[in-house]
K.L.:
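Right, I'll just put the structure down here and ask away after.
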Amino acid sequence: MEIFWFVVLMFMLAVYVILDGYDFGAGIVHLFFTKSEEEKKAVTNAIGPFWDANEVWLIAVGGVLFFAFPTLYASAFSGFYLPLIMVLWLLIFRAIGLELRGQIHNRLWEKLWDKAFGIASLLLALFFGVALGNVVRGVNLGMVENGVSTQESHYFFLALWNPTLDPLAEQQGVIDWFTVLLGIVAVVTLTIHGANWVIFKTSTHLNARLRNVIYKLNFVLLGLVLLSASLWHFVKPFPLVNLRTHYWLWVFPIMAAIGLLGQFWIKKFKKDLTGFLFSAMFIFGSFATTVASMFPNLLPSTNGVNPSLTVQNMAAPEYGLSVGVYWFVIAAILVILYTVIQFRVFKGKMDDVGYGDH
């Protein structure tokens with residue numbers, strides 16, 4: 001039963017990254033690539049009816065994590081306390097940047113909240129990539145010093161950085177050169193993803209410029225992916241061992257490769273949805289490859305004293321996991337209905353659906 005909940009949790013997290021990821025990317029587009037008020041409104045119109053619903057997936061992920069893997073929830077939320085608080089504040093500023101901009105029609109006021117929305121979106125993309133880097137790298141469970149565990153085996157706490165920025169240091173930080181690299185990969189990935197969403201949901205002249213941006217950024221992304229994949233072997237030797245023993249798992253990196261390479265034809269796509277589907281495929285394939293390569297670890301231990309937190313040793317009792325399935329089915333039906341209705345109501349281009357002008 002714990003495998004079922006692991007798959008559910010990872011799938012929900014992937015859906016969140018794809019859906020709220022285009023919101024973050026749209027915010028980055030809004031910050032760097034819009035030049036006029038018309039273009040800024042096109043970006044906010046594209047995500048206006050969707051962004052708050054997309055963030056519900058993050059709350060749902062937290063709920064499933066608390067229910068199915070409570071010890072992991074307690075360990076991660078205490079160990080990553082500082083970055084989680086920063087993410088919370090960034091989510092707040094991103095939301096109020098959208099909501100407060102149109103309350104007062106003053107150029108200084110609008111520029112202030114434009115920057116809040118854009119910078120918060122950029123930092124959220126960076127921080128979520130850094131968070132993935134921390135999970136891939138692992139943490140010092142039990143706060144081992146000189147071969148001795150100073151805390152409970154599942155406890156850890158990370159400072160924002162250590163003086164060396166070394167991912168292999170005994171006393172790690174949230175930020176090191178490896179996690180920052182994955183953060184930059186996330187920023188570039190979600191910028192492309194957000195630009196594809198703006199192209200899909202609007203029909204302004206901004207779209208032609210965004211296609212050029214996507215094409216150029218995709219070369220950057222390709223180089224970053226190759227670099228991060230090679231350095232992954234340095235941080236975690238033999239990271240793809242699961243893919244060597246279960247060949248069907250190669251469907252995920254192949255999916256990621258198709259999604260990445262498909263972006264190079266962005267200027268030739270006849271349907272605006274195509275680019276978004278390719279970037280979503282890359283995100284899902286990359287995330288699934290990472291999860292598959294780490295299984296059964298949920299949070300690896302970087303020391304030899306305390307074991308990694310795994311699907312088996314972190315799961316809630318069998319009875320609770322079984323009962324939760326019934327409630328999950330009800331919740332899943334409601335979410336599917338809500339999502340279908342939302343996309344039917346707001347299908348097509350959003351140019352005439354204003355947002356934030358009160």
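All values below come from the heavy atoms of this structure, side chains included, with hydrogens, waters and symmetry mates left out.
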K.L.:
Counting only heavy atoms not in His246 (residues, nucleotides, ligands), do more than 12 fall under 6.0 Å from its NE2?
P.N.:
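At most 12 heavy atoms, drawn from other residues, nucleotides or ligands, come within 6.0 Å of this atom.
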K.L.:
Has the side chain of Thr34 got a donor or acceptor atom that lies under 3.5 Å from a matching backbone atom of Glu39?
P.N.:
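Not confirmed, Thr34 side chain does not pair with Glu39 backbone.
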K.L.:
Any heavy-atom pair between the side chains of Asn207 and Thr204 that's under 4.5 Å?
P.N.:
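Result yes, sub-4.5 Å side-chain heavy-atom pair found.
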K.L.:
Determine, using ring centers only, whether Phe77 and Tyr73 are less than 6.0 Å apart.
P.N.:
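Yes, the ring centres sit under 6.0 Å apart.
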K.L.:
Identify the heavy atoms of Val136 and Trp232 that sit nearest to each other, and give their distance.
P.N.:
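Heavy-atom minimum between the residues: CG1-NE1, 3.1 Å.
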K.L.:
Less than 4.5 Å apart, any side-chain heavy atom of Val311 and any of Phe69?
P.N.:
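In short, these two side chains touch, coming nearer than 4.5 Å.
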K.L.:
To the nearest 0.5 Å, what is the distance between CZ on Phe128 and CG on Leu13?
P.N.:
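So the gap between those two atoms works out to 8.5 Å.
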K.L.:
Flag yes if more than 12 heavy atoms outside Phe50 fall under 6.0 Å of its CZ atom; otherwise flag no.
P.N.:
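Enclosed.
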K.L.:
Tell me if the OH atom of Tyr81 is crowded by more than 12 foreign heavy atoms within 6.0 Å.
P.N.:
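No, the 6.0 Å shell around OH holds no more than 12 heavy atoms from other groups.
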K.L.:
Can you tell me if CZ on Phe269 sees more than 12 non-hydrogen neighbours from other groups inside 6.0 Å?
P.N.:
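More than 12 heavy atoms, drawn from other residues, nucleotides or ligands, come within 6.0 Å of this atom.
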K.L.:
Knowing that exactly one of Phe200, Trp197, Tyr16 qualifies, which makes a ring-ring contact (aromatic ring centres under 6.0 Å, His included) with Tyr22?
P.N.:
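The ring-ring contact (aromatic ring centres under 6.0 Å, His included) with Tyr22 is passed solely by Trp197 among Phe200, Trp197, Tyr16.
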K.L.:
Between atom CG of Leu309 and atom OG of Ser301, what is the distance when rounded to the nearest 0.5 Å?
P.N.:
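Separation between the atoms: 8.0 Å.
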K.L.:
Check whether any side-chain N or O of Asn242 sits under 3.5 Å from a backbone N or O of Ala292 as a donor-acceptor pair, and report yes or no.
P.N.:
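At least one qualifying donor-acceptor pair exists.
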K.L.:
Say whether Leu158 and Leu82 are linked into one hydrophobic cluster, either directly or through other cluster members, by side-chain heavy-atom distances under 4.5 angstrom.
P.N.:
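Both belong to a single hydrophobic cluster.
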K.L.:
More than 12 heavy atoms of other residues, nucleotides or ligands under 6.0 Å from CH2 of Trp89: is that the case?
P.N.:
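It does not: Trp89 CH2 has 12 such atoms or fewer within range.
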K.L.:
For the residue pair Leu19 and Asn54, what are the closest heavy atoms and their distance?
P.N.:
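Nearest heavy atoms, Leu19 then Asn54: O-ND2, 3.3 Å.
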K.L.:
Would you indicate whether Lys115, at its atom NZ, is surrounded by more than 12 heavy atoms from other residues, nucleotides or ligands within a distance under 6.0 Å?
P.N.:
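Check fails, neighbour count at 12 or below.
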K.L.:
When you measure from the side chain of Ser75 to the backbone of His154, do you find a donor-acceptor pair of N or O atoms at a distance under 3.5 Å?
P.N.:
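A pair under 3.5 Å: yes.
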K.L.:
Group every Ile, Leu, Val, Met, Phe, Trp and Tyr by side-chain heavy-atom contacts under 4.5 Å, then state whether Ile59 and Phe11 land in the same group.
P.N.:
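In one cluster: no.
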K.L.:
May I ask you to decide if Leu141's main-chain N or O and Asn303's side chain share a donor-acceptor pair within less than 3.5 Å?
P.N.:
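A pair under 3.5 Å: yes.
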K.L.:
Between Asn297 and Leu299, is there a donor-acceptor pair closer than 3.5 Å when you use the side chain of the first and the backbone of the second?
P.N.:
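Side chain of Asn297 to backbone of Leu299, a donor-acceptor pair under 3.5 Å: no, none is there.
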K.L.:
Going by the angle between their ring planes, with limits at 30° and 60°, are Phe284 and Phe252 parallel, tilted or perpendicular?
P.N.:
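Ring orientation of Phe284 relative to Phe252: perpendicular.
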K.L.:
Check the surroundings of atom CH2 in Trp177: do more than 12 heavy atoms from other residues, nucleotides or ligands lie under 6.0 Å from it?
P.N.:
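For Trp177, atom CH2 is crowded (more than 12 foreign heavy atoms under 6.0 Å).
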K.L.:
Using a strict cut-off of less than 4.0 Å between a Lys/Arg side-chain nitrogen and an Asp/Glu carboxylate oxygen, indicate whether Arg211 and Asp272 qualify as a salt bridge.
P.N.:
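Salt bridge: yes.
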K.L.:
Under 4.5 Å between side-chain heavy atoms, hopping through other hydrophobics if needed: is there a path connecting Leu261 to Val213?
P.N.:
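Yes, Leu261 connects to Val213 through the hydrophobic network.
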K.L.:
For Phe67 together with Trp5, are the ring centres under 6.0 Å from each other?
P.N.:
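Between Phe67 and Trp5, which both carry aromatic rings, the centre distance is below 6.0 Å.
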K.L.:
Check for a donor-acceptor pair, side chain of Ser286 on one end and backbone N or O of Ile283 on the other, with a separation under 3.5 Å.
P.N.:
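No, because the side chain of Ser286 does not come within donor-acceptor range (under 3.5 Å) of the backbone of Ile283.
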K.L.:
Looking at every non-hydrogen atom in both residues, tell me the closest pair between Lys236 and Pro300 and how far apart they are.
P.N.:
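Closest approach of Lys236 to Pro300: NZ-CB, 3.9 Å.
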K.L.:
Shortest non-hydrogen contact from Gly142 to Asn306?
P.N.:
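Heavy atoms only, the tightest pair is CA-ND2, 3.4 Å.
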K.L.:
For Glu152, is the CD atom crowded, meaning more than 12 foreign heavy atoms sit under 6.0 Å from it?
P.N.:
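Counting other residues, nucleotides and ligands, CD of Glu152 stays at 12 neighbours or fewer.
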K.L.:
Indicate yes or no: at least one non-hydrogen side-chain atom of Ile254 is less than 4.5 angstrom from one of Ile258.
P.N.:
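They are in side-chain contact.
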K.L.:
Ring centroids only, cut at 6.0 angstrom: are Phe295 and Phe6 within range, meaning strictly under it?
P.N.:
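Ring centroids of Phe295 and Phe6 are less than 6.0 Å from each other.
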K.L.:
How long is the straight-line distance from OG of Ser279 back to CG of Asn196, given to the nearest 0.5 Å?
P.N.:
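Nearest 0.5 Å value for the CG-OG distance: 4.0 Å.
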K.L.:
Under 4.5 Å between side-chain heavy atoms, hopping through other hydrophobics if needed: is there a path connecting Phe66 to Val87?
P.N.:
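Result: yes, single cluster for both.
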K.L.:
Taking all non-hydrogen atoms of both residues, which atom of Glu2 and which atom of Ala315 are closest, and how far apart?
P.N.:
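Shortest heavy-atom separation between Glu2 and Ala315 comes out as CB-CB, 3.6 Å.
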K.L.:
Keeping the roles fixed (side chain from Lys349, backbone from Thr202), state whether a donor-acceptor pair exists under 3.5 Å.
P.N.:
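Here the side-chain-to-backbone pair exists.
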K.L.:
What distance separates His193 NE2 from Phe282 CZ, expressed to the nearest 0.5 Å?
P.N.:
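Here the rounded value is 11.5 Å.
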K.L.:
Could you tell me if the side chain of Leu72 sits less than 4.5 Å from the side chain of Leu65, heavy atoms only?
P.N.:
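Touching, per the 4.5 Å side-chain cut-off.
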K.L.:
Is there a side-chain contact between Gln263 and Leu221 (heavy atoms, below 4.5 Å)?
P.N.:
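Result no, sub-4.5 Å side-chain heavy-atom pair not found.
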K.L.:
Are the side chains of Lys35 and Lys40 in touch, meaning some heavy atoms are under 4.5 Å apart?
P.N.:
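SC-SC contact between Lys35 and Lys40 ruled out.
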K.L.:
What are the two closest heavy atoms between Met12 and Ala60, and how far apart are they?
P.N.:
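Answer, listing the atom of Met12 first, then Ala60: CE-CB, 3.3 Å.
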K.L.:
Side chain of Arg94, backbone of Ala116: donor and acceptor closer than 3.5 Å?
P.N.:
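Pair absent, no side-chain N/O of Arg94 close to backbone of Ala116.
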K.L.:
Are Phe234 and Phe178 near enough that their ring centres are under 6.0 Å apart?
P.N.:
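That pair fails the under 6.0 Å test.
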K.L.:
For the CG atom of Leu222 and the CG atom of Asn218, what is their distance to the nearest 0.5 Å?
P.N.:
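If we round to the nearest 0.5 Å, Leu222:CG and Asn218:CG are 7.0 Å apart.
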K.L.:
Where do Glu37 and Arg101 land on the salt bridge (Lys or Arg N to Asp or Glu O under 4.0 Å) test, with the steps shown first?
P.N.:
CA-CA 12 Å; Glu37 185 67 16; Arg101 184 189 192 275; 3.0 Å; yes
K.L.:
Could you check Val180 against Leu165 for side-chain contact (heavy atoms from CB on, under 4.5 Å), going step by step and ending with a plain yes or no?
P.N.:
CA-CA 10 Å; Val180 169; Leu165 297 179; over 6 Å; no
K.L.:
Is the Phe156-Phe80 ring centre distance short of 6.0 angstrom?
P.N.:
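Judged by ring-centre distance (under 6.0 Å), Phe156 and Phe80 do meet the cut-off.
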K.L.:
I want to check something: taking the side chain as every heavy atom from C-beta on, are Thr191 and Val188 in contact at a cut-off of under 4.5 Å?
P.N.:
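A side-chain contact is absent here, since even the closest heavy-atom pair is not under 4.5 Å.
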K.L.:
Side chain of Trp51, backbone of Asp20: donor and acceptor closer than 3.5 Å?
P.N.:
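Not a single qualifying donor-acceptor pair exists.
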K.L.:
In terms of hydrophobic clustering (I, L, V, M, F, W, Y; side-chain heavy atoms under 4.5 Å; direct or indirect links), are Tyr338 and Ile18 co-clustered?
P.N.:
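In one cluster: no.
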K.L.:
Taking Gln171's backbone N and O only, do any of them form a donor-acceptor pair with Asn162's side chain (distance below 3.5 Å, no angle check)?
P.N.:
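Side chain of Asn162 to backbone of Gln171, a donor-acceptor pair under 3.5 Å: yes, one is there.
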K.L.:
Please name the residue in the list Ile184, Val185, Leu181 that meets the side-chain contact (heavy atoms from CB on, under 4.5 Å) test with Leu227.
P.N.:
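Single side-chain contact (heavy atoms from CB on, under 4.5 Å) partner of Leu227 among Ile184, Val185, Leu181: Leu181.
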K.L.:
Roughly how far apart are Leu210 CG and Ile199 CD1, rounded to 0.5 Å?
P.N.:
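One finds 5.0 Å between CG of Leu210 and CD1 of Ile199.
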K.L.:
Have Asn212 and Arg209 got a donor and an acceptor in their side chains that come within less than 3.5 Å?
P.N.:
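No - no donor-acceptor pair under 3.5 Å links their side chains.
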K.L.:
List the steps and the verdict of side-chain contact (heavy atoms from CB on, under 4.5 Å) for Val61 and Val64.
P.N.:
CA-CA 5 Å; Val61 166; Val64 171; over 6 Å; no
